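These notes concern the structure reproduced below.
So that the names make sense, note that chain A is the first sequence line, chain B the second, and so on, each numbered from 1. Bear in mind that the values here come from a model prediction, so they are computed numbers and not experimental data.
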There are 2 protein chains.
Amino acid sequence: MSIVRKISESAVHRLSLYLRILEDLESEQRETVSSEEMSGRSATTAAQVRKDLSLFGSFGKRGWGYDVADLAGRLRKILGLDRQWRVALVGAGRIGSALVEYGGFGERGYDVVAIFDSDASKVGEKWGGLRVRDIGEFEEVASEQSVEIVILAIPVEAVPSVMEHVDRAGVRGILNFAPTKLKVPEGVAVKDVNMVMELEALSFALSQEDGER
Amino acid sequence: MSIVRKISESAVHRLSLYLRILEDLESEQRETVSSEEMSGRSATTAAQVRKDLSLFGSFGKRGWGYDVADLAGRLRKILGLDRQWRVALVGAGRIGSALVEYGGFGERGYDVVAIFDSDASKVGEKWGGLRVRDIGEFEEVASEQSVEIVILAIPVEAVPSVMEHVDRAGVRGILNFAPTKLKVPEGVAVKDVNMVMELEALSFALSQEDGER
DNA sequence: GCCGCCTTGTGAAAATCTTCACAATATTAG
DNA sequence: CTAATATTGTGAAGATTTTCACAAGGCGGC
């Protein structure tokens, strides 16, 4: 199953969504599901669901639908959730703590193996069994721990100095919470989580309504 | 300037990004900027920048570029940042606290005027000058305070009961941090901030690389 | 074993989004 | 004032994504 086609950002998001729906169905003990029902629980059409899945193979049975557990497993594999990812958290502030507390990451295959901060007063604290380390140790610890993904939960002004450490450590992906566009070496994947942008999209939508009325 | 055309999600995100770039330029005391330079600082092309802006009007001067301050002002207006929005935070947990602490919202026009939680042990705490209230008071307080936007920072399992309160209060927009698709009345806008989905998009991207190699 | 029903998988059409390419035009130099 | 230069605004072309619509199968009933 070697996939060559480029999969769009939105298709990948929908796959995540489908997986979440399937997990709900699993907890409801459902055996099968149709593209029709999947579309009802997401915000798409049945055709979209089938098209998205067909990008990766043929998982359903005609006249019958999809096996919930089987499809969930396949989506997990497609999304890279069938293995463990070694993750470092950089930034032991509020967002970082929300993430560590949330905890759901371990279950989904993301193992937080180290936590860093540049604030000397935070270094040394214990967070869920891990000691907060100085960012200066990043390169060494990250390579020792085979860190592949960094969660970057630091303020914008700290980004340049932190990124120097991160760039040198051969990390493959960054989940970026800082509201700024990261400059990263070729081959490093970045995904942004940006609540300010979403809030702006919201007030844009509301303003548009006002204008139309 | 009545806009009828439907503006795509991605175009709106780019507008936010352009505004952030313009604010950087303002702090660098720059007078003008070309679509070329804007594209260099974002991840788009100059044509894309011009096309996006042209959806709303004609803001530049040929041979000269855009006036930084003027364009920033126009984008703020387009994004609905030229007015105040009355916001309620629902969920006084880690994420909620990260948001309140972050603080940048006030400056951007989002006034957090009330905070709610369903956990009795949190009710009554003081958060940045506001008392955490019981979610049961939501409808009353939200209408009294003319709340338009709700930031929903609660766990998935709390969503159904909380949404009953929110639905009845005539809120217009929701910024949703819970990793679930909200069912909202007609006319209510929802934007999701979902770090799990972004993490999955990241591991998907990394898995794809592996597969190609 | 055959028929009727249901739902997938998928080409083709439609819609949407991005890039191209260039005329229009403001600015500056001579 | 004219020419040279720079950069916008925008139709048209190209690319991508979504929707449509239906043939291809699988399943249950008889």
Selection from dG9(D), dT19(C), dG9(C) that lies nearest to any side-chain heavy atom of Y66(B):
dG9(D)
Where each residue is assigned the nucleotide of DNA chain D containing its nearest heavy atom, which of G63(A) and K51(A) is assigned the position nearer the 5′ end?
K51(A)
Taken to the nearest whole Å, CD/E37(B) to P/dT8(D) is 11 Å
Counting only side-chain nitrogens and oxygens, does K61(A) get under 4.0 Å of the OP1 or OP2 atom of dC27(D)?
yes
Return the 5'-most residue of the pair T45(A), G65(B) with respect to DNA chain D, ranking by each residue's nearest nucleotide.
G65(B)
Rounded to the nearest angstrom, tell me the gap between atom NE2 in H13(A) and atom P in dT17(D).
14 Å
Nearest 0.5 angstrom please: L71(B) CG to R76(B) CZ, how far?
10.0 Å
Could you give the CD1-to-C1' distance, from I7(B) to dA15(C), as a whole number of Å?
16 Å
Quick check on E107(B): does its CD atom have over 12 non-hydrogen neighbours (other residues, nucleotides or ligands) under 6.0 Å away?
no
Can you tell me the distance, in whole Å, between the CZ atom of R14(A) and the C1' atom of dT17(D)?
8 Å
Short side-chain N/O contact to dG9(C) OP1/OP2 from S58(A), under 4.0 Å:
yes
Contact between L130(B) and V113(B) at the side-chain level, heavy atoms closer than 4.5 Å - yes or no?
no
Nearest-angstrom distance from the residue atom CG of D52(A) to P of dT10(C):
14 Å
For the backbone of T180(A) and the side chain of R20(B), can you confirm whether one donor and one acceptor N or O come within less than 3.5 Å of each other?
no
Among dT18(D), dC27(D), dA21(D), which is the nearest nucleotide to the side chain of Q48(A)?
dT18(D)
Compare side-chain N and O positions of R50(A) against OP1 and OP2 of dG9(C) and report whether any pair is under 4.0 Å apart.
no
Taking 4.0 angstrom as the limit, do E31(B) and K61(B) come out as a salt bridge?
no
Nearest whole angstrom, please: distance from the P of dG9(D) to the CD of E36(B).
15 Å
Side-chain atoms of R62(A) come closest, of dT7(C), dT18(D), dT8(D), to dT7(C)
Mind checking S35(A) for me? I need base, sugar-phosphate or nothing, with any heavy atom below 4.0 Å counting as a touch.
sugar-phosphate
Could you state the atom-to-atom distance from CE of M38(B) to P of dG9(D) in whole Å?
11 Å
Side chain of S34(A) - closest among dT7(C), dA21(D), dC22(C):
dT7(C)
To the side chain of A47(B), which of dA21(D), dT18(C), dA21(C) is closest?
dA21(C)
dT17(D) P sits how many Å from E9(A) CD, rounded?
10 Å
